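Working notes, structure below.
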Number of protein chains: 2
Amino acid sequence: MFSKACEYGIRASIYIASQSLEGTRVSLKEIAEKIDSPVAFTAKVLQQLSKNKIIESVKGSSGGFEISKNNILRIKLSQIVYAIDGNNVYEGCGLGLKRCNAKEPCPVHNRFVEIRAELKNMLESTTLYDMTMGLEQGLTYLRR
Amino acid sequence: MFSKACEYGIRASIYIASQSLEGTRVSLKEIAEKIDSPVAFTAKVLQQLSKNKIIESVKGSSGGFEISKNNILRIKLSQIVYAIDGNNVYEGCGLGLKRCNAKEPCPVHNRFVEIRAELKNMLESTTLYDMTMGLEQGLTYLRR
DNA sequence: ATTAAATCGGACAAAATTGTCCTAGTTTAT
DNA sequence: ATAAACTAGGACAATTTTGTCCGATTTAAT
Ligand code: FES
Ligand code: FES
């Protein structure tokens, strides 16, 4: 579904958001630990999210990553996915033809677009805030 | 969504099915050409489909691949996907946790399982026959 | 100023996936 | 029998994705 990089990016964003809501900035090391991801690889993903204004990075001692309350409320899951995996989720053909194209559809196109529309809808209607909710109450997990 | 191998496998199966309905067995070379896939790589995929009884292979001169009418009607898209990509479509967690697990859900679990259920339902209700329908009439394409 | 704790970014390495090549074996036709 | 047209399968190569390492830079605290 998503690339590993994207999965880490989403998990990291959720963790940063949850901590930012508590008013604490978090370090790369802590993030990687809490979401159970390789440190250096996660660093790359965070850089990308930072460039795309999904998260904010603060350099220097006592630096780290954070997300403003406003952004936590505004940023959609779709934006995180787009920042890392681009739009292949939306444009890709289910059977691997160059691009999904309704004018020259593959044999699963009609069935496929329906599901993708629902996925798209889900991604675009789920905010970072929505995803942090269960966390504090221990209802959801970022690692196991 | 699916691996390249799986995409080729599905396209190949559809092509073989469409030709089998016309009563003609097709060679690897022809398949690769018609679905625009690398020949040798496609051969591996076909071997796997053959081992999983999705398609039948006939060795020797005038050999090739075919699918019985009965199987064209019975084989579901889900079986093809399973034969090549296994069950990670069903068991995988959207955020990459070891396994999707409702008891210890990730933050997108509830939203994710809905979409996956629809995907599953689609895969399990679409037969090879369904997918061959548009082909002959030039309504759908296996290559572009 | 110095040091320590961070991110940044480039180069590199490992692993997985995708793709190629070649030989062996099988079957049909001549 | 021999040749031709196939598939089977192992070994190998290229590419992409995933992951690591290390030096440079930034910032805060001492
Ligand atoms: S053309 Fe294949 S999914 Fe749209
Ligand atoms: S636990 Fe993540 S999708 Fe079910």
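The shown structure was predicted, so the numbers you read here are calculated from the model rather than taken from an experiment. Per chain, numbering begins at 1; letters A, B, ... match sequence-line order.
- B:Q47 has no side-chain polar atom (N or O) that falls below the 4.0 Å cut-off from OP1 or OP2 of D:dT7.
- The nucleotide whose nearest atom lies closest to any side-chain atom of B:F65 is, among D:dG9, D:dA8, D:dT20, D:dA8.
- Between B:L142 and the options B:D36, B:I31, B:I14, B:I10, a side-chain contact (heavy atoms from CB on, under 4.5 Å) holds for only B:I14.
- Following rounding to the nearest Å, B:L46 (CG) and C:dG19 (P) show an atom-to-atom distance of 14 Å.
- OP1 or OP2 of D:dA8 has at least one side-chain nitrogen or oxygen of B:S57 nearer than 4.0 Å.
- For A:S62, counting side-chain heavy atoms from C-beta on, the closest listed nucleotide (D:dA8, D:dT18, D:dA28) is D:dA28.
- The CG-C1' distance, from A:N88 to D:dT16, rounds to 13 Å in whole Å.
- At a threshold of 4.0 angstrom between heavy atoms, the contacts of B:V58 are confined to the sugar-phosphate backbone, with no base atom among them.
- Rounded to an integer number of Å, the gap from CD of A:Q48 to P of C:dG10 is 13 Å.
- Closest approach of B:C6 to B:V81, counting heavy atoms only: SG-CA, 3.8 Å.
- For B:E56 and C:dT27, the CD to P distance is 15 Å, given to the nearest whole Å.
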Full working for side-chain hydrogen bond (donor to acceptor under 3.5 Å, both in side chains) between A:R11 and A:S37:
CA-CA 9 Å; A:R11 305 223 299 269; A:S37 66; 5.8 Å; no
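- Following rounding to the nearest Å, B:L28 (CG) and C:dC21 (P) show an atom-to-atom distance of 14 Å.
- When each of B:K44 and A:G60 is assigned the nucleotide of DNA chain D bearing its nearest heavy atom, the one mapping closer to the 5' terminus is B:K44.
- Picking from D:dT7, C:dT18, C:dG9 the nucleotide with the shortest atom distance to the side chain of B:F41 gives C:dT18.
- One can place CD of B:E7 at 12 Å from C1' of C:dT18, the figure rounded to the nearest angstrom.
- Considering every non-hydrogen atom in both A:I75 and A:I54, the closest pair reads CD1-O, 3.3 Å.
- Here D:dT18 is the nucleotide among D:dT18, C:dG19, D:dG10 with the atom lying nearest to any side-chain atom of A:K4.
- Between A:K76 and A:E124, no side-chain nitrogen of the basic residue sits less than 4.0 Å from a carboxylate oxygen of the acidic one, so the salt-bridge criterion is not met.
- Residues A:F2 and A:S61 both approach DNA chain D. Their nearest nucleotides, taken by heavy-atom distance, put A:F2 toward the 5′ side.
- Contact check, A:Y8 against D:dT18: no side-chain N or O comes under 4.0 Å of OP1 or OP2.
- In this entry the distance linking CD1 of A:I31 with P of C:dC8 reads 10 Å, nearest Å.
- Distance A:K29 NZ to C:dA6 P: 7 Å, rounded to the nearest Å.
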